[in-house]
Amino acid sequence: MSEAPDHIEQRYRKLAQIQQLGHAAYPHKFERTHTVEELVEEFGDVSAEELETRSVKTRTAGRLVAIRGHGKASFSHIGGGGKRLQLYVRQDRVGNENYELYRLLDVGDFVGIEGEMARTRTGELTVFVNQVFFLSKALLPLPEKWHGLSDVETRYRQRYLDLIANPDVRDIFVVRSRLISAIRRFLEEKDYLEVETPMMHPIAGGAVARPFKTFHEALGIPLFLRIAPELYLKRLVVGGFDRVFEINRNFRNEGISTQHNPEFTMLEFYQAYSDYRDLMDLTEEMLKRVVKDVTGGLKVEFRGQKIDFNNFERLTMLESILKYWPDDDPPQEDELRDFGAIRDLVAGLGESLEGDETWGKLVAMLFERIVEEKLVQPTFIYDFPVELSPLSKTKDEDRALVERFEFFAGGLELANAYSELNDPDEQKRRFEQQGEERDKGDLEAHEMDQDYVRALRYGMPPTAGEGIGIDRLNMILTNSSSIREVILFPHLRPVASAE
RNA sequence: GGGUCGUUAGCUCAGGUGGUAGAGCAUCUGACUUUUAAUCAGGCGGUCGCUGGUUCGAGUCCAGCACGACCCA
């Protein structure tokens with residue numbers, strides 16, 4: 001990508017001329033009486049007559065986003081806070097010297113202005129400018145005013161240009177901020193304490209994923225960027241914080257897709273004296289509140305479908321497989337529970353089997369194959385096979401299942417929760433079992449964490465915990481098709497420098 | 001990792017079958033004191049992603065590479 005040398009040269013020349021007129025190239029500050037946003041907010045609905053009688057004076061500033069010259073007068077727009085405001089600059093009003101400065105400005109430059117609020121004859125709110133102040137030069141030209149910037153690669157690599165050119169993009173990140181603060185408010189109301197746990201772990205635990213590895217020179221030890229904060233948050237529950245949450249980044253050394261970024265933002269929270277059913281209730285309450293706070297309603301348009309956050313369905317994993325079975329002849333639940341029968345069912349769908357699949361893995365294969373993408377409306381899927389869940393508590397009435405749920409909407413997995421396993425001996429056995437998987441070559445299997453087992457030996461109250469993917473929730477609330485649309489600076493391969 | 005598609009001016013895009021590249025906006029010069037994709041007249045601007053091949057001749061055909069998008073694992 002080359003950078004229009006003649007455009008730059010031209011603008012450097014103008015900057016020099018601006019300095020010759022006696023203006024600093026990079027002034028230090030500009031006092032404003034109003035932001036652009038405030039002016040639009042405050043005077044957007046005030047009539048021309050009222051503006052005239054009130055004769056409101058203002059000093060404001062922003063980036064020039066459009067200039068329409070008419071000889072000895074000119075219209076332009078400045079942008080700020082996602083709003084635009086029209087300026088009317090006349091030579092006979094600002095004076096010859098100031099008009100000369102104005103004529104040296106380009107779209108993209110930052111200006112301050114002093115003037116009076118008024119309306120033009122078309123009715124648009126406009127500052128009739130008395131004086132223009134030069135604040136900063138855009139030496140590179142901005143994307144085109146009408147089509148904007150649409151090249152996806154440039155949008156991600158130079159997100160600042162995307163934000164300048166595409167107001168919708170700005171809105172996505174405003175929603176993101178509101179979403180996170182709404183969640184925080186909700187949890188604080190519920191007496192949750194926000195905490196920060198390490199981002200660098202000596203043992204990458206709390207999830208099933210490949211970690212990024214780094215090295216601490218002074219300690220001489222390898223460290224892993226965390227794949228989940230889970231084991232630390234539960235240590236805090238052991239320590240007596242009954243309700244804790246953390247909103248922060250997790251890192252997983254895996255593929256990049258429209259639903260996966262190597263670093264992503266997760267809310268994790270733990271609540272003592274509760275089980276996974278309490279968290280289903282809490283999740284429902286939280287999502288209703290948050291969706292309403294952020295979007296103003298409970299119905300959200302996502303990928304051409306309406307998601308209704310007023311209705312939450314709850315299905316066990318086995319029930320969901322029966323419900324979404326692809327033909328008119330679904331099996332009986334007994335068959336799903338029978339190892340031989342379910343193996344035949346999986347094979348019958350054309351899945352290739354290695355031969356060492358456990359019952360739980362077969363259930364998961366069926367679920368992923370026929371159910372997951374169908375879960376458009378808000379749905380809790382609960383009671384997972386124990387093999388898939390090394391940190392969850394088994395169900396008393398069925399030792400093959402654990403008290404765990406995932407929450408889906410828009411076909412995306414948004415949350416994962418369970419009644420936490422707090423039996424240290426059982427936890428140790430699960431770690432050992434995972435160790436065997438690891439020895440067999442499964443790099444994602446969970447590693448033994450002795451200190452975590454020790455913490456459980458000091459006693460953890462019955463506790464339920466949950467993680468919610470903030471990026472994916474953000475996608476749903478902004479109808480974004482890719483996770484990269486909701487991450488300000490998504491990871492891309494570096495491009496060879498042109499210099 | 002595999003498949004499909006894409007990469008041409010600062011931005012957005014055209015460029016049947018191979019014959020040394022165009023438009024709109026931006027930019028520059030001039031005109032213009034209520035415009036809003038301002039208008040009118042005239043100019044400037046390109047290593048067609050990179051490397052190689054086929055050919056008298058490649059933006060166009062072929063191969064490899066880079067980056068990206070989508071789908072699949």
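So you know, we letter chains A, B, ... as the sequences are listed, proteins then strands, and number each from 1.
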*Within less than 4.0 Å of OP1 or OP2 of A69(B), is there a side-chain N or O belonging to R155(A)?*
no
_Could you tell me the Watson-Crick or G-U partner of C70(B), where both distances fall under 3.5 Å? Say none if there is no partner._
G3(B)
*Where the side chain of H147(A) is concerned, which of A69(B), U27(B), U12(B) is the nearest nucleotide?*
U12(B)
*asked:* From C-beta outward on K72(A), which listed nucleotide comes closest to its side chain: U33(B), A69(B), A26(B)?
replied: U33(B)
*Which whole number of Å gives the distance between the P atom of A21(B) and that of C32(B)?*
38 Å
*Does any N or O donor sit under 3.5 Å from an N or O acceptor when you compare the side chain of D106(A) with the base of U27(B)?*
no
*Using atom CD1 of I256(A) as one end and atom P of G1(B) as the other, report the distance to the nearest whole Å.*
12 Å
*Starting from C1' on U33(B), measure out to OH on Y102(A) and report it in whole angstrom.*
12 Å
_R493(A) side chain near G68(B) phosphate (N/O to OP1/OP2, under 4.0 Å)_ = yes
*Pick base, sugar-phosphate or nothing for D151(A), based on heavy-atom distances below 4.0 Å to the nucleic acid.*
sugar-phosphate
_Spacing of L140(A) atom CG relative to A9(B) atom P, expressed in whole Å_ = 16 Å
*Would you say A69(B) has OP1 or OP2 under 4.0 Å from some side-chain N or O of R484(A)?*
yes
*Does a nitrogen or oxygen in the side chain of R68(A) sit under 4.0 Å from OP1 or OP2 of A38(B)?*
yes
*Please state the P separation for the pair U55(B) and G68(B) - nearest whole angstrom.*
35 Å
*Report yes if the distance between the aromatic ring centroids of F212(A) and F224(A) is under 6.0 Å, otherwise no.*
no
*Spacing of I67(A) atom CD1 relative to C25(B) atom C1', expressed in whole Å*: 14 Å
_Please compare Y156(A) and H70(A) by the position of their nearest nucleotide in RNA chain B and report the one closer to 5'._
H70(A)
*Taking atom P in both U60(B) and U54(B), what distance in whole Å separates the two?*
15 Å
*Distance, rounded to the nearest Å, where E153(A) contributes CD and C5(B) contributes P*: 19 Å
*OP1 or OP2 of U34(B) under 4.0 Å from side-chain N/O of S74(A)*: no
_Quick test of your reading of the model: are R343(A) and D338(A) salt-bridged, counting only N-O distances below 4.0 Å?_
no
*Please work out if L492(A) contacts a base, only the sugar-phosphate, or nothing of the nucleic acid, heavy-atom cut-off 4.0 Å.*
sugar-phosphate
*Pick base, sugar-phosphate or nothing for Q86(A), based on heavy-atom distances below 4.0 Å to the nucleic acid.*
base
*Between U35(B), U33(B), U12(B), which nucleotide has the shortest distance from any of its atoms to the side chain of E144(A)?*
U12(B)
*asked:* Starting the side chain at C-beta, find the nucleotide from U35(B), A26(B), G68(B) nearest to H7(A).
replied: A26(B)
*Specify the separation, in whole Å, of atom CG of D162(A) and atom C1' of U12(B).*
15 Å
*Which part of the nucleic acid, if any, lies within reach of T120(A) when heavy atoms closer than 4.0 Å are counted: base, sugar-phosphate only, or nothing?*
base
*Rounded to whole angstrom, note down the C1' distance from U51(B) over to G42(B).*
41 Å
*Could you measure between the two C1' atoms, the one in G15(B) and the one in G6(B), and give it in whole Å?*
16 Å
*Base, sugar-phosphate alone, or nothing: which one does K145(A) contact when heavy atoms must sit under 4.0 Å apart?*
sugar-phosphate
*asked:* Between G64(B) and G1(B), how many Å separate the two P atoms, rounded to a whole number?
replied: 16 Å
*Indicate whether the side chain of E124(A) and that of H77(A) have a donor and an acceptor atom separated by less than 3.5 Å.*
yes
*Complement of U29(B), any strand, by Watson-Crick or G-U distances under 3.5 angstrom*: A41(B)
*Measure the acute angle between the ring planes of Y88(A) and F128(A), then classify it against the limits of 30° and 60° as parallel, tilted or perpendicular.*
perpendicular
*asked:* What contact category does G148(A) fall into here, base, sugar-phosphate, or nothing, at under 4.0 angstrom with non-hydrogen atoms?
replied: sugar-phosphate
*State, with a plain yes or no, whether a side-chain heavy atom of P331(A) is found less than 4.5 Å away from one of L336(A).*
yes
*asked:* Can you tell me the base-pairing partner of A63(B)? Count Watson-Crick or G-U wobble geometry only, both distances below 3.5 Å, and say none if there is no partner.
replied: U51(B)
_Using 30° and 60° as the class boundaries, would you call the ring planes of F407(A) and F309(A) parallel, tilted or perpendicular?_
tilted
*Which label fits U20(B), syn or anti, where anti is any glycosidic angle not within 90° of 0?*
syn
*asked:* Between R157(A) and E153(A), does any side-chain N to carboxylate O distance fall below 4.0 Å?
replied: yes
*What nucleic acid atoms does F128(A) come within less than 4.0 Å of, heavy atoms only: base, sugar-phosphate, or nothing?*
base
_Mind checking if T126(A) touches a base, just sugar-phosphate, or nothing, with heavy atoms under 4.0 Å?_
nothing
*Mind calculating the distance between OH (Y99(A)) and C1' (U33(B)) to the nearest angstrom?*
8 Å
_Integer angstrom distance from the C1' of G10(B) to that of U27(B)_ = 9 Å
*With P as the reference atom in both, quote the distance from G59(B) to G22(B) in angstrom, rounded to an integer.*
13 Å
*Separation of R157(A) atom CZ from G10(B) atom C1', in whole Å?*
18 Å
*Any Y418(A) side-chain heavy atom under 4.5 Å of F405(A) side chain*: no
*What about F408(A) and F367(A), are their ring centers closer than 6.0 Å?*
yes
_Any strand: nucleotide that pairs with G24(B) via Watson-Crick or wobble, under 3.5 Å_ = C11(B)
_First of L149(A) and V107(A) reached from the 5' end of RNA chain B, by closest nucleotide_ = L149(A)
*asked:* Between K14(A) and C28(B), is there a contact of a side-chain N or O with OP1 or OP2 at under 4.0 Å?
replied: yes
